[in-house]
Amino acid sequence: MTRPLGASFADWTDKPIQFGGLGLGTGPVSISLTLVILMLLTYLIIYRVDDPN
């Protein structure tokens with residue numbers, strides 16, 4: 001489920017405005033999504049919310 005939703009979101013933000021997207025471009029979208037993933041991983045490492053102990 002996450003792959004089709006993530007791909008749809010990335011395509012929507014990347015595509016030019018005349019084709020119904022936001023027109024941000026591939027580079028900025030890739031960098032921003034990578035930063036979001038790294039922030040979430042950092043949060044999990046620091047706060048250990050997935051550790052049952």
Side-chain angles (χ1 to χ4, degrees):
M1 186 72 175
T2 57
R3 182 166 170 84
L5 289 176
S8 296
F9 177 77
D11 287 343
W12 173 64
T13 56
D14 177 35
K15 293 212 184 285
I17 294 172
Q18 67 257 21
F19 296 121
L22 295 179
L24 298 177
T26 305
V29 171
S30 297
I31 290 171
S32 62
L33 291 177
T34 300
L35 290 175
V36 167
I37 290 170
L38 289 175
M39 288 188 319
L40 290 172
L41 284 173
T42 303
Y43 174 79
L44 287 175
I45 290 169
I46 291 172
Y47 293 104
R48 297 178 181 251
V49 294
D50 59 335
D51 187 9
N53 295 326

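We're numbering straight along the sequence, starting at 1. Atoms considered below: every heavy atom in the structure, side chains included; atoms not considered: hydrogens, waters and symmetry mates. None of the values given here were measured: they were computed from a predicted structure.
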Would I31 and V29 show up in the same hydrophobic cluster when neighbours are defined by side-chain heavy atoms closer than 4.5 Å?
-> no

Could you state the interatomic distance from CG (D11) to OG1 (T26), rounded to the nearest 0.5 Å?
-> 9.0 Å

For D14 against G25, the heavy-atom pair lying closest together = OD1-C, 3.0 Å

For the side-chain contact (heavy atoms from CB on, under 4.5 Å) test, which of L41, L35, L40 pairs with I37?
-> L41

Does one hydrophobic cluster hold both V49 and I46, with members joined at side-chain heavy-atom distances below 4.5 Å?
-> yes

Verify same cluster id: L44, Y47 (apolar side-chain graph, 4.5 Å) = yes

Pairwise side-chain contact, T13 with F9, heavy-atom cut-off 4.5 Å (strictly under) | yes

